[in-house]
Amino acid sequence: MSTKPMPSLARSDFPADFRWGCSTSSYQIEGAARLDGKGESIWDRFCATPGRIRDASHGDVACDHYHRWPEDLDLARALGVNAYRFSVAWPRVLPQGRGGVNERGLDFYERLVDGCLARGLEPWLTLYHWDLPQALQEQGGWLSRDTVDAFAEYTELVARRLGDRVKHWITHNEPWCSALMGHHDGVHAPGLKSLAAGLQACHHILLSHGRALPVLRSHVKDARAGITLSLHPIRAASDSDADQAAVRRHDGSRNRWFLDPLHGRGYPADTWALYGAHAPRMHDGDLAEIARPCDFLGINYYFPEVVADATGANPIGTRVVEPEGVERTAFGWQVDPQGMVELLQRVQRDYAPAEVYLTENGSTYEDELLPDGRIEDLQRRSYLARHLAAARDARAQGVPLRGYFAWSLLDNFEWAEGYTRRFGLVHVDYATQQRRIKASGRWYSDFLHGRGDAA
Ligand code: IFM
């Protein structure tokens, strides 16, 4: 195993008020799937369907964070982060999606938020990280406009309860995944396979984001609200005119489809035309709602996409290709910190958000638990350090990047991949629930504390 040299980097390269964090999500870590009144989510149902999850696992126990949250927040504190990003499980607080409130679910998030504040961790709350109440799915889920109203009610409930202590709110995590992977590719819950459904779900998710913003502002004093997108720099597989043109089309579906309407431009006309009859149904006023101003844009960066022309193969007419000889994680994802700089610069140039946060960035490797209990994940350590150097470089180019959240605090349930992919800075032994800080986590801690090699 070879790792790239570590960059020279110090916390003092960043401003004192920079947010240093790590991210998690409810379904991936909480467990307690049927405890204390929690309702069923679409991920509970999806996992129970044979063949959906690579190792046939589920989030019933996951990292048992529902019970072990004090230890987990202690670990975050030990890493030296000053912010903790988590999500609320909608069916834990509203088991049927609307109506009857589950006080015990809200109590859990109160404890968690208070636990963050007691440890000097600024809570960053994501309202939707994919675990829709199954009861709403049975009424159409994100294909129904009623779910947009349900999301606004859910937002109000959580904002009223936690808004005195939580100031940073993210409405949705990665609409691309919840909409398209869930309704078009069929690899995520609810497992549908229709492009029209994917685009309709996407429209309702974006609309629900816009509808939630005034709810947050009226119930949270000094709220800072935004949305998190998964974005990719798009590159051409070759110099051919056809592949160069494919880049623009692919960028339309992957990036501009989200960025344009959120920034008041409506859906990109070129991409809309390519989607043709699959394009979503909209009502007057929807685009204005989606374009309500945010305080920040959250970006999750993992890898660039390389595309070739595939006219006729699908509406967008592109095909993702996997170039040879490039560095990759165990997931096969390209490792390209410079791509992150390019992406951030491009978003700044084309959309100029007031503030940007990297709300996720991380890597999965085949971690080895050594007999003495250490996990020497030097590739992940290198990945982390090189992406932090890229974050510094992006700031130097004028990107208003105000924070970085590592994905993830803990190894966890990686959706369709089950427990076969480990992204944590902290290793979780799922049999015993023992946590162990990996070399990458120790390095992050040294970096954040200004210690040793990382100083
Ligand atoms: O685990 C996911 C997370 O839930 C959303 N962003 C990407 C991560 C890694 O795949």
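As a basis for the values below, the full set of heavy atoms in this structure was taken, side chains included, without hydrogen atoms, waters or symmetry mates. Whatever order the structure lists ligands and atoms in, that order sets their numbers, starting from 1.
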Pairs of nitrogen or oxygen atoms, one from ligand 1 and one from the protein, closer than 3.5 Å: please tabulate them with distances.
residue: ligand 1; atom: 1 (O); partner: Gln28; partner atom: NE2; Å: 2.9
residue: ligand 1; atom: 1 (O); partner: Trp407; partner atom: NE1; Å: 3.3
residue: ligand 1; atom: 1 (O); partner: Glu414; partner atom: OE1; Å: 2.6
residue: ligand 1; atom: 4 (O); partner: Gln28; partner atom: OE1; Å: 2.7
residue: ligand 1; atom: 4 (O); partner: His129; partner atom: NE2; Å: 2.8
residue: ligand 1; atom: 4 (O); partner: Trp415; partner atom: NE1; Å: 2.8
residue: ligand 1; atom: 6 (N); partner: Glu174; partner atom: OE1; Å: 3.2
residue: ligand 1; atom: 6 (N); partner: Glu174; partner atom: OE2; Å: 2.9
residue: ligand 1; atom: 6 (N); partner: Glu360; partner atom: OE1; Å: 2.5
residue: ligand 1; atom: 10 (O); partner: Glu414; partner atom: OE2; Å: 2.6

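Residues satisfying the salt bridge (Lys or Arg N to Asp or Glu O under 4.0 Å) test with Asp55, not counting sequence neighbours, are none. Shown here are the salt bridge (Lys or Arg N to Asp or Glu O under 4.0 Å) partners of Glu366, two or more places apart in sequence or in another chain: there are none. Residues meeting the ring-ring contact (aromatic ring centres under 6.0 Å, His included) test with Tyr365, sequence neighbours left out: none.
The side chain to side chain donor-acceptor pair (under 3.5 Å) test with Asp131 is passed by exactly one of Ser26, Ser41, Ser87: Ser26. Put simply, the residue from Tyr154, Tyr27, Trp142 that forms a ring pair (Phe, Tyr, Trp, His ring centres under 6.0 Å) with Tyr128 is Trp142.
A donor-acceptor contact closer than 3.5 angstrom links the side chains of His203 and Tyr267.
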